[in-house]
Participant: 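Before we start, here is the structure in question, set down as structure tokens.
Note that ligands are numbered from 1 as they come in the structure, with each ligand's atoms numbered from 1 the same way.
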Amino acid sequence: MTDAITYDDVLLVPSYNHWESRKIVDTAMTDKTGKLNLQIPVMTANMDTITESAMADFIGAKGGVGVIHRFMPIQDNVDIFKACAHKAFVSIGCSADDMARAEALRDAGADLFCIDVAHAHARYVGKTLKAIRDMLGKEACIMAGNVATYAGADYLASLSADIIKVGIGGGSVCTTRIKTGFGVPNLTAIRNSARVDRSIVADGGIRAPGDIVKALAFGADFVMIGSMLAGSRPTPGPVIRRKKGDGEDVLVKSYRGMASSEVQDKYHGGMAEWKTAEGVSVDVPYCESEEAIVADIIGGLRSGLTYGGAATIRELQRKLDFIRITPAGRSESLAHRTL
Ligand SMILES: NC(=O)C1=CN([C@@H]2O[C@H](COP(=O)(O)OP(=O)(O)OC[C@H]3O[C@@H](n4cnc5c(N)ncnc54)[C@H](OP(=O)(O)O)[C@@H]3O)[C@@H](O)[C@H]2O)C=CC1
Ligand SMILES: Nc1nc2c(ncn2[C@@H]2O[C@H](COP(=O)(O)O)[C@@H](O)[C@H]2O)c(=O)[nH]1
């Protein structure tokens, strides 16, 4: 048996800082195949309550990239992709329909593709990856996932994935680990998968800028975020007025797992009898502070690089030094002044 760790289990250890200011450090990242160059290493999750064209444009303007979800008719998917002013990834699954989706999106000009399934270390994903690479050619950037092991990452790399999405069961609206007993705590999944000669994306469970710095330090070249932006203005879906227990009105938006029963009901006419939900649907507060959320991420990343004595994310990765902490260490890390 091996121990596995996630964000709250560790802290990064500070190193000598050469830099006069946090303004000097470079937050840009180019993936290892040279096909994706971002000013900030942030992708937004391909979920129907996170990324359509408004979110892709918002995060694209900040220097990151949006990953449009795939849970819609092909023509809607094409229209949403075409409505994006900034480059965005499009997503496909592994069914026969998804080849038609990929073809239509390619014809609409897409060249960043995400093969998106729950368990990508799987024969049907390998077959899809080969077919999609044949269809798109070697210039297209293909991201595939999710996996949580080196073997899974290596499998996808060997079948021509350019970027590999890592994280099983760690997302904020996921119940995979509870429903199936499977998963790997995220920092261990990232560290093991990052041994592969491709860039990886840390996906799921990121709640704060410090988690992003930890994910990058442990070997992710990019992060994918859902809950950090859930409820914000650029997310799809209506703002809903709800009454709290004390009678006060609050504004909320929905945030839901793509394997939740709500998603199955909406897109597949209900849950098939051989499956169960592996995600939940929650109300999150409506917020108009998406600018502040991203500014906080970039500020935390710049500061994190200088605590690590690094001018770039790759230097941060080379200098990784971390310690495991106790519950007392964790509670000391949180603001704890009491009145
Ligand atoms: N990162 C994570 O931990 C997870 C993410 N998700 C997200 O939820 C969405 C739906 O995912 P997914 O259920 O893969 O999508 P789909 O149902 O679209 O596709 C999955 C395909 O793989 C087959 N399959 C075989 N074994 C499994 C398995 N253990 N889990 C899932 N599929 C299996 C399914 O067949 P059949 O239906 O006949 O079994 C189906 O054909 C995606 O956006 C995904 O990223 C979902 C769960 C975990
Ligand atoms: N196990 C499940 N994972 C899911 C589901 N829907 C999405 N996801 C994954 O979560 C992340 C977002 O995580 P967050 O912590 O940033 O909110 C997303 O990118 C998917 O990989 C689901 O239904 N079940």
Side-chain angles (χ1 to χ4, degrees), residues 6-7 42-51 55 59 65-72 89-98 101 114-129 143-149 152 164-186 189-190 193 200-209 211-212 215 220 222-232 235 254-268 270-282 284 293 297:
T6 193
Y7 299 111
V42 176
M43 302 185 176
T44 58
N46 48 336
M47 300 168 75
D48 72 341
T49 48
I50 297 293
T51 310
M55 181 60 82
I59 201 68
V65 70
V67 186
I68 299 168
H69 72 93
R70 64 181 166 90
F71 294 82
M72 60 187 119
F89 275 87
V90 292
S91 303
I92 59 160
C94 291
S95 68
D97 243 24
D98 284 299
R101 183 179 301 273
C114 173
I115 299 178
D116 160 52
V117 292
H119 178 27
H121 191 183
R123 190 159 62 100
Y124 52 86
V125 180
K127 275 162 61 183
T128 303
L129 193 40
M143 171 161 77
N146 279 21
V147 295
T149 59
I164 292 152
K165 201 147 75 71
V166 173
I168 292 198
S172 62
V173 283
C174 304
T175 54
T176 295
R177 293 181 189 171
I178 302 302
K179 288 294 184 80
T180 72
F182 278 83
V184 178
N186 291 340
I190 293 165
S193 306
I200 65 159
V201 181
D203 177 22
I206 289 172
R207 295 151 307 164
D211 293 344
I212 294 179
F222 305 96
V223 297
M224 175 169 272
I225 56 172
S227 74
M228 282 188 83
L229 284 165
S232 67
T235 60
S254 174
Y255 181 44
R256 59 189 181 194
M258 297 312 295
S260 63
S261 46
E262 287 78 2
V263 166
Q264 293 295 325
D265 289 348
K266 175 160 181 193
Y267 300 108
H268 303 295
M271 184 70 71
E273 75 274 6
W274 67 92
K275 311 204 254 198
T276 183
E278 291 184 32
V280 294
S281 175
V282 293
V284 290
I293 294 166
I297 289 174

Participant: Should the pair H121 and H119 be assigned to parallel (<30°), tilted (30 to 60°) or perpendicular (>60°) ring geometry?
Facilitator: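 Ring orientation, 0 to 90° scale: perpendicular.
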Participant: Numbering the atoms of ligand 2 from 1, which are under 4.0 Å from a heavy atom of A45?
Facilitator: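 So the atoms of ligand 2 that pass are 19 (O).
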Participant: Would you call G205 a ligand 2 contact, heavy-atom distance under 4.0 Å?
Facilitator: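 Per 4.0 Å heavy-atom rule, G205 contacts ligand 2.
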Participant: Run down the list S91, G169, G183 and name the one with the heavy atom closest to atom 3 (O) of ligand 1.
Facilitator: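 Closest candidate by heavy-atom distance is G169.
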Participant: Can you list the atoms of ligand 2 that are under 4.0 Å from a heavy atom of T176?
Facilitator: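 Atoms satisfying the 4.0 Å criterion: 1 (N), 2 (C).
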Participant: Looking at M47, R256, M271, which one forms a side chain to side chain contact (heavy atoms under 4.5 Å, CB included) with V263?
Facilitator: R256
Participant: Side chain, backbone, both or neither: which part of N146 comes within less than 4.0 Å of ligand 2 when only heavy atoms are counted?
Facilitator: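 For N146, the contact with ligand 2 is made by the side chain alone.
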Participant: Given that the side chain starts at C-beta and the backbone is N, CA, C, O, which of these parts of M47 lies under 4.0 Å from ligand 1, counting heavy atoms, or is it both or neither?
Facilitator: neither
Participant: Using a 3.5 Å distance criterion without hydrogens, assess whether the side chain of T235 forms a donor-acceptor pair with backbone atoms of I50.
Facilitator: no
Participant: Out of curiosity, is H69 lining ligand 1, as in a heavy atom under 4.0 Å away?
Facilitator: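 The answer is no, since H69 has no heavy atom less than 4.0 Å from ligand 1.
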Participant: Considering non-hydrogen atoms of the protein only, which is the closest contact for atom 21 (O) of ligand 2, and what is the distance?
Facilitator: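 The protein heavy atom lying closest is D203 OD2, 2.5 Å.
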Participant: Going by heavy atoms, is G93 under 4.0 Å from ligand 1?
Facilitator: no
Participant: Ligand 1 versus F71, non-hydrogen atoms closer than 4.0 Å: side chain, backbone, both, neither?
Facilitator: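 Contact part for F71 vs ligand 1: side chain (C-beta onward).
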Participant: Which ligand 2 atoms, with their elements, are less than 4.0 angstrom from a heavy-atom of A259?
Facilitator: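 Contacts of ligand 2 toward A259, numbered from 1: 22 (C), 23 (O).
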Participant: What are the atoms of ligand 2, with element, lying closer than 4.0 Å to any heavy atom of S227?
Facilitator: 14 (P), 16 (O), 17 (O)
Participant: Using a strict 4.0 Å cut-off to heavy atoms of G171, name the atoms of ligand 2 that fall inside it.
Facilitator: 10 (O), 13 (O), 15 (O)
Participant: Suppose we measure from atom 9 (C) of ligand 2 to each protein heavy atom; which comes out shortest, and what is that distance?
Facilitator: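 Here the nearest protein heavy atom works out to C174 SG, 3.9 Å.
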Participant: Using a 4.0 Å heavy-atom threshold (strictly under), name the region of M47 that reaches ligand 2: side chain, backbone, both or neither.
Facilitator: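 Under 4.0 Å from ligand 2, M47 contributes side-chain atoms alone.
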Participant: Sort out for me which residue in T6, D203, V166 forms a side chain to side chain contact (heavy atoms under 4.5 Å, CB included) with N186.
Facilitator: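 Exactly one pass, corresponding to T6.
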Participant: So which protein heavy atom does atom 6 (N) of ligand 2 come closest to, and at what separation?
Facilitator: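 Result: M258 N, 2.8 Å.
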Participant: State, to 0.1 Å, how close F71 and Y267 come at their nearest heavy-atom pair, and which atoms those are.
Facilitator: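 Between these two residues, the closest heavy atoms are O-CE2, 2.7 Å.
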Participant: Specify whether the nearest protein heavy atom to atom 33 (C) of ligand 1 is under 4.0 angstrom away.
Facilitator: yes
Participant: I'd like to check whether G169 has a polar contact with ligand 2, where a contact means an N/O of the residue lying under 3.5 Å from an N/O of the ligand.
Facilitator: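 No - when backbone and side-chain N and O of G169 are compared with those of ligand 2, no distance drops under 3.5 Å.
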Participant: Can you tell which part of N146 has a heavy atom less than 4.0 Å from ligand 1: side chain, backbone, both or neither?
Facilitator: side chain
Participant: Protein heavy atoms near atom 41 (O) of ligand 1, is at least one of them under 4.0 angstrom away?
Facilitator: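 No, there is no protein heavy atom closer to it than 4.0 Å.
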